[in-house]
There are 2 protein chains.
Amino acid sequence: MRTVDPAKHQARKRHIVDAATVLFATKGFERTTTAEICKAAGMSAGNLFHYFPNKRAVFLAVFEDDRDDKAERLVQAQSAEDPWQALLEVVDLLAAPAAEPLAPPLVMEAMVQAYRDPELEAVLSRSNAEEHATVAALIRKAAATGQVDPGLDPDGAASWVLAMVASLYTSAAGDPAFKPAEQLPTLRLILQRFLRAGPKESS
Amino acid sequence: MRTVDPAKHQARKRHIVDAATVLFATKGFERTTTAEICKAAGMSAGNLFHYFPNKRAVFLAVFEDDRDDKAERLVQAQSAEDPWQALLEVVDLLAAPAAEPLAPPLVMEAMVQAYRDPELEAVLSRSNAEEHATVAALIRKAAATGQVDPGLDPDGAASWVLAMVASLYTSAAGDPAFKPAEQLPTLRLILQRFLRAGPKESS
DNA sequence: GTCTATATTTCGATAGAC
DNA sequence: GTCTATCGAAATATAGAC
């Protein structure tokens with residue numbers, strides 16, 4: 001007999017993760033106490049540890065949830081008709097959260113913690129691998145339709161596209177005056193010139 | 001009467017900084033103890049604290065020294081005849097250390113610590129401002145000679161150039177298999193296409 | 001290096017759903 | 001009656017001060 005409703009259980013975990021996300025982003029992982037998470041989530045320590053084995057697991061769940069979310073939306077964007085338009089949509093999708101105040105510090109914190117936590121490292125690199133595969137596939141498609149320079153290595157180019165998107169997060173994290181949204185037009189311009197350029201180059 | 005030879009004092013500080021750099025890069029700031037720094041530098045704690053007030057000051061000195069170093073070499077590269085060649089040289093100069101094993105983790109560590117240490121933050125942003133000014137000036141010059149698209153905003157473009165260089169460090173820090181040196185040709189290609197593109201764009 | 005303060009995690013109990 | 005969510009206090013671990 002199972003009396004636990006999986007959906008409810010999942011929702012409860014999500015509630016905890018949402019509360020913890022704010023704290024992790026503003027105070028960092030170590031400086032956030034489980035007591036604070038409990039208070040933010042409106043529950044006791046005993047209850048919190050009923051859902052997660054330890055604090056690290058809560059942190060991990062932040063990025064697992066995000067990965068699931070993103071993977072789903074990537075499939076959407078990927079399925080768009082025109083490969084070049086799909087690529088631009090994917091880039092927008094990946095870049096958009098950089099404008100939210102919590103995302104950049106959270107990304108920084110994740111990079112730091114990934115250094116010390118192989119499990120987190122695994123989640124992040126899986127997430128990155130999915131993004132890379134999506135972007136590379138679209139570049140390949142767009143090259144096939146002549147919308148992207150066929151001379152480019154799709155995997156190498158995809159890495160650079162992702163690196164540029166990532167720099168929106170690192171820049172925003174370091175400098176509060178940096179506005180990622182304002183950089184999107186320039187990012188699109190760079191991508192356009194880099195990827196669509198024809199085979200002939202003037203040195 | 002002065003009993004300290006300033007040059008000798010400076011050299012001794014440099015020696016400590018060099019020894020500490022290796023430790024900071026491999027173990028991170030917090031996990032490096034002052035005792036380890038003493039041992040690596042071959043001196044007693046009393047002697048070390050004669051040169052630096054605390055561990056944080058040693059860490060700070062790593063980046064101050066680097067800034068001085070870089071500023072000097074930036075002047076060199078900046079003075080090259082052709083603005084476009086000068087720009088490429090500056091980029092190479094800034095990108096080159098990414099290939100050294102210690103630099104990427106050290107850069108990461110600096111970014112993390114800058115979050116919590118306004119003094120370090122100041123050193124890093126000053127360093128960044130100098131790089132930005134140099135690159136922007138060269139872009140302006142190259143635009144004037146028609147080697148760079150005059151439609152670009154030099155400051156905005158310079159920020160993106162630096163962001164791309166920085167991504168060599170972050171990528172190398174995260175993934176041991178990533179080889180910054182191999183990415184240099186692609187980086188140059190991106191810069192070339194982004195910056196040199198004429199005014200007409202095919203959408 | 002010891003000791004204190006603070007944070008994390010475990011434990012046993014209670015109350016309600018099925 | 002069994003199973004689960006919840007609580008709050010107790011025990012363990014960790015970190016910081018002296």
Side-chain angles (χ1 to χ4, degrees), chain A residues 1-65 68 102 105-106 108-124, chain B residues 20 23-60 105 108-121:
Chain A
M1 176 217 303
R2 103 170 282 111
T3 57
V4 51
D5 176 354
K8 200 152 217 166
H9 191 82
Q10 210 51 36
R12 209 85 186 95
K13 287 183 82 166
R14 189 65 171 255
H15 170 71
I16 295 168
V17 168
D18 287 346
T21 298
V22 181
L23 294 166
F24 288 144
T26 53
K27 316 190 32 157
F29 175 73
E30 283 101 344
R31 296 154 92 97
T32 298
T33 69
T34 56
E36 287 172 318
I37 299 173
C38 292
K39 199 173 129 200
M43 63 177 57
S44 70
N47 200 16
L48 183 126
F49 285 96
H50 174 67
Y51 291 96
F52 294 96
N54 50 48
K55 190 171 84 165
R56 195 156 278 281
V58 180
F59 191 69
L60 196 69
V62 172
F63 301 97
E64 280 174 333
D65 284 5
D68 293 347
L102 296 182
L106 210 51
M108 287 302 274
E109 194 65 19
M111 285 171 58
V112 175
Q113 296 300 326
Y115 248 78
R116 302 173 182 170
D117 181 354
E119 218 174 334
L120 176 59
E121 154 74 32
V123 170
L124 294 183
Chain B
L23 295 166
F24 289 143
T26 52
K27 318 189 34 159
F29 175 73
E30 283 101 344
R31 294 151 93 98
T32 298
T33 68
T34 55
E36 287 171 317
I37 299 174
C38 293
K39 200 172 127 197
M43 63 176 56
S44 69
N47 201 13
L48 183 125
F49 285 101
H50 172 65
Y51 291 96
F52 293 97
N54 51 49
K55 190 171 82 167
R56 192 156 278 280
V58 181
F59 190 68
L60 197 67
M108 287 301 276
E109 195 65 20
M111 283 171 57
V112 175
Q113 296 299 328
Y115 247 77
R116 296 166 188 178
D117 181 352
E119 219 174 333
L120 176 58
E121 154 73 30

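From a predicted model like this one, the values you see are computed outputs, not experimental measurements. In what follows, chains carry the letters A, B, and so on, assigned in the order in which the sequence lines appear, proteins first and then strands, with residues in each chain numbered from 1.
When all heavy atoms of Cys38(B) and Ala45(B) are compared, the closest pair comes out as SG-CA, 3.5 Å. The nearest pair of heavy atoms linking Pro105(B) to Ala25(B) is CB-O, 3.4 Å. Counting all heavy atoms, side chain and backbone alike, Val58(A) lies closest to Val17(A) at O-CG2, 4.5 Å. In plain terms, the two heavy atoms of Thr33(A) and Glu36(A) that are nearest each other are N-OE1, 2.8 Å. Counting all heavy atoms, side chain and backbone alike, Ala114(B) lies closest to Leu120(B) at N-CD2, 3.6 Å.
Ring orientation note: the planes of His50(A) and His9(A) are nearly perpendicular, at an angle over 60° on the 30°/60° scale. Using cut-offs of 30° and 60° on the angle between ring planes, the pair Phe24(B) and Phe59(B) is perpendicular.
Listed pair His50(A) / dT4(D) fails the phosphate criterion, with no side-chain N or O lying under 4.0 Å from OP1 or OP2. Taking only side-chain nitrogens and oxygens, Arg56(A) never comes nearer than 4.0 Å to OP1 or OP2 of dT8(C).
Within 6.0 Å of the NZ atom in Lys39(B), the count of heavy atoms belonging to other residues, nucleotides or ligands does not exceed 12.
Using a 4.0 Å cut-off on heavy atoms, the residues of residues 21-48 of chain A that approach DNA chain C are Thr32(A), Thr33(A), Thr34(A), Gly46(A), listed by number.
One can place CZ of Phe49(A) at 5 Å from C1' of dT9(C), the figure rounded to the nearest angstrom. In this structure, Asn54(A) atom CG and dT12(D) atom P are separated by 18 Å, rounded to whole Å. Distance, Lys55(A) NZ to dA13(D) P: 17 Å, rounded to whole Å. Remark: P of dA5(D) and NZ of Lys8(A) are 10 Å apart, rounded to the nearest angstrom. To the nearest angstrom, C1' of dT6(D) lies 13 Å from NE2 of His15(A). Atom-to-atom, CZ of Arg12(A) to C1' of dT6(D) comes out at 9 Å; the value is rounded to the nearest Å.
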N/O to N/O distances under 3.5 Å, protein versus nucleotides 16-18 of chain D:
none

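With sequence neighbours excluded, the residues satisfying side-chain hydrogen bond (donor to acceptor under 3.5 Å, both in side chains) with Gln113(A) are Glu30(A), Arg56(A), Glu109(A).
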